[in-house]
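As the structure is a prediction and not an experimental result, all values here were calculated from the model. Heads up: numbering here begins at 1 and tracks the sequence. Every heavy atom of this structure was used, including side-chain atoms; hydrogens, water molecules and symmetry mates were not.
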Amino acid sequence: MADATASGPGSLGQIQSDYIAMTSRKRLYSGIMMLVLVLLLVSGFNMAEGRNGGSFIGGLDNFFDYPAEVVGEAWTNRANIPGLFAKYFPALIETVNIAAVSTLFGALFAIVFSLLSTRGLARFPRLIGLFRRMMDIMRAVPEIVIALVLIFVLGGGPVPAMIAIAFHTTGALGKLFSEVNENASLKPLEGLESVGATWSQKMLLGVVPQVAPNWLSYALLRFEINIRASAILGFVGAGGLGYELKVAIQWGQGRFDAAGAMFIMLFFTIMFFDQISSHFRDKLVHGAREQG
């Protein structure tokens, strides 16, 4: 019997040598990429440090000065906090409404895009790449950039924020929904097609019941993210609690108690919806697994 370890093109020793050489090359390439990344980070930090009006390193000692002022004034005027909660509660509701409406519309458009961009389900298979690139563009453009453009065109208020967040949500959820769709069974579609169902009927009756729990789970997760996004967009004039917080911060001392109250409201609101969303997402995902 020939020695399996003998040298030769197909021998075990040659295979081991090729594997070791390939592993060494991969480690070398990984090391080079890591070195390039570190150099880019260092150069970027140095550039930012040079262009900064002050000094980042030198200013670290004062990092907590502003938070200390806000907390100190809020504590001194803590008796006013309940009244400030009531005053800014409508702005908080507006922020939550912006997030809810934008999530709803974004999820609806994401469903359509996901079905049109999933292989085996798409109504127009040749356009799958087009729909996927459209979702890539929607995800790539930050909400704040879209909001700034819309505020310039439409003026300030919640409408630009809702459009901006819904636009970004469509791209983000569309990608996640399409990945869920790829795991759907095609057998119900074959049965529906045999009785002459249209594409819309096949999607509604054959696909949606399978993937709806995961769709809803992702939509709830996105709703949490959109609450934060709607508060941030308020800083650029898109309304809601973020706008009121921006005004209070701009006034400076004398309004820090209002800023502190709004920080507390926003924190507990996000925590509340995070817990509620996590509870229902666990139920949806575990329920879907048990049924599967």
Side-chain angles (χ1 to χ4, degrees), residues 96-143 145-146 150 159 161-227 229-230 273-274 276-292:
V96 175
N97 285 339
I98 291 172
V101 174
S102 59
T103 303
L104 175 61
F105 280 99
L108 291 176
F109 284 112
I111 290 172
V112 177
F113 273 93
S114 68
L115 293 174
L116 292 174
S117 62
T118 303
R119 292 185 179 88
L121 303 179
R123 179 68 177 85
F124 310 103
R126 293 184 178 179
L127 299 180
I128 288 177
L130 174 63
F131 289 117
R132 289 190 175 185
R133 298 297 79 76
M134 291 174 65
M135 290 191 295
D136 290 343
I137 294 172
M138 292 177 181
R139 291 196 306 275
V141 182
E143 299 102 322
V145 174
I146 303 171
L150 292 175
V159 174
M162 286 188 290
I163 297 175
I165 297 175
F167 186 84
H168 194 274
T169 298
T170 299
L173 287 182
K175 172 66 174 177
L176 295 173
F177 288 178
S178 65
E179 292 178 355
V180 173
N181 297 345
E182 291 174 354
N183 297 321
S185 173
L186 298 180
K187 292 182 180 179
L189 301 182
E190 296 171 357
L192 290 168
E193 187 175 4
S194 66
V195 296
T198 64
W199 180 81
S200 300
Q201 291 171 334
K202 289 190 293 183
M203 296 301 104
L204 183 62
L205 301 176
V207 176
V208 173
Q210 299 183 60
V211 298
N214 285 321
W215 279 359
L216 187 55
S217 174
Y218 281 128
L220 288 172
L221 178 62
R222 189 68 198 183
F223 176 58
E224 299 174 27
I225 298 172
N226 287 345
I227 292 177
S230 61
F273 282 106
D274 176 70
I276 296 294
S277 174
S278 298
H279 172 73
F280 283 105
R281 280 190 287 114
D282 288 341
K283 276 196 167 185
L284 287 168
V285 173
H286 293 159
R289 289 175 180 172
E290 292 174 1
Q291 290 178 1

**Request:** Could you give me the CA-CA distance, side-chain angles and deciding distance for Val180 and Tyr218, then say whether side chain to side chain contact (heavy atoms under 4.5 Å, CB included) is met?
**Result:** CA-CA 10 Å; Val180 173; Tyr218 281 128; 3.5 Å; yes

**Message:** For Leu104, give me all partners under side chain to side chain contact (heavy atoms under 4.5 Å, CB included), at least two apart in sequence or on another chain.
**Reply:** Leu108

**Asked** Excluding sequence neighbours, so at least two apart, what forms side-chain hydrogen bond (donor to acceptor under 3.5 Å, both in side chains) with Arg133?
**Response** Asp136

**Fill in**
Those residues at least two apart in sequence (or on a different chain) that pass ring-ring contact (aromatic ring centres under 6.0 Å, His included) with Phe223 are Phe273

Which atom pairs, one a donor and one an acceptor, fall under 3.5 Å between side chains of residues 202-209 and the rest of the protein, sequence neighbours left out?
none

**Fill in**
By salt bridge (Lys or Arg N to Asp or Glu O under 4.0 Å), Asp274 pairs with (sequence neighbours left out) none

**salt bridge (charged side-chain N to carboxylate O under 4.0 Å, His left out) contacts touching residues 161-181 (sequence neighbours left out)** = Lys175-Glu179

**Request:** First locate atom CD1 of Ile225, then atom CG of Leu220, and finally report the distance between them rounded to the nearest 0.5 Å.
**Result:** 11.5 Å

**Asked** Rounded to the nearest 0.5 Å, how far does CZ of Phe109 lie from CZ of Phe167?
**Response** 11.0 Å

**Asked** Roughly how far, to the nearest 0.5 Å, is the OG1 atom of Thr103 from the CD1 atom of Ile98?
**Response** 11.0 Å

**Prompt:** Where is the tightest heavy-atom contact between Met135 and Ser117, given as atom of each residue plus distance?
**Reply:** CE-OG, 3.3 Å

**Complete:** Heavy-atom nearest pair, Ala99 first then Ser102, reads O-OG, 3.0 Å

**Request:** Taking all non-hydrogen atoms of both residues into account, name the closest pair between Ala164 and Leu150 and its distance.
**Result:** N-CD1, 4.1 Å

**Fill in**
To the nearest 0.5 Å, atom OG of Ser277 lies from atom CG of Leu221 at 6.0 Å

Name every donor-acceptor pair, under 3.5 Å, that has one atom in a side chain of residues 183-196 and the other anywhere in the protein, sequence neighbours excluded.
| from | atom 1 | to | atom 2 | distance (Å) |
| --- | --- | --- | --- | --- |
| Ser185 | OG | Lys187 | N | 3.4 |
| Ser194 | OG | Gly191 | O | 2.5 |

**Message:** What I'd like to find out is whether the side chain of Leu115 reaches to under 4.5 Å of the side chain of Trp199, using heavy atoms alone.
**Reply:** yes

**Request:** Just grab all the ring-ring contact (aromatic ring centres under 6.0 Å, His included) pairs involving residues 170-198, residues at least two apart or on different chains.
**Result:** Phe177-Trp215

**Request:** Please answer whether the main-chain N or O of Leu116 pairs with a side-chain N or O of Arg123 as donor and acceptor at a distance below 3.5 Å.
**Result:** no

**Request:** Identify, with sequence neighbours excluded, every residue that meets side-chain hydrogen bond (donor to acceptor under 3.5 Å, both in side chains) alongside Ser178.
**Result:** none

**Item:** Taking every non-hydrogen atom, the tightest pair across Gly174 and Ser114
**Value:** O-CB, 3.6 Å

**Message:** Test of understanding: with side chain to side chain contact (heavy atoms under 4.5 Å, CB included), list the residues that count as partners of Asn97, not counting sequence neighbours.
**Reply:** Ile93

**Test side-chain hydrogen bond (donor to acceptor under 3.5 Å, both in side chains) applied to Thr169 - qualifying residues, sequence neighbours left out** = Asn226

**Prompt:** How about Ile128 and Arg119: do any of their side-chain heavy atoms sit closer than 4.5 Å?
**Reply:** yes

**Fill in**
So the salt bridge (charged side-chain N to carboxylate O under 4.0 Å, His left out) pairs with at least one residue in residues 214-225 (sequence neighbours excluded) are Glu143-Arg222, Glu224-Arg281

**Prompt:** Does any non-hydrogen side-chain atom of Arg132 lie less than 4.5 Å from one of Phe113?
**Reply:** no

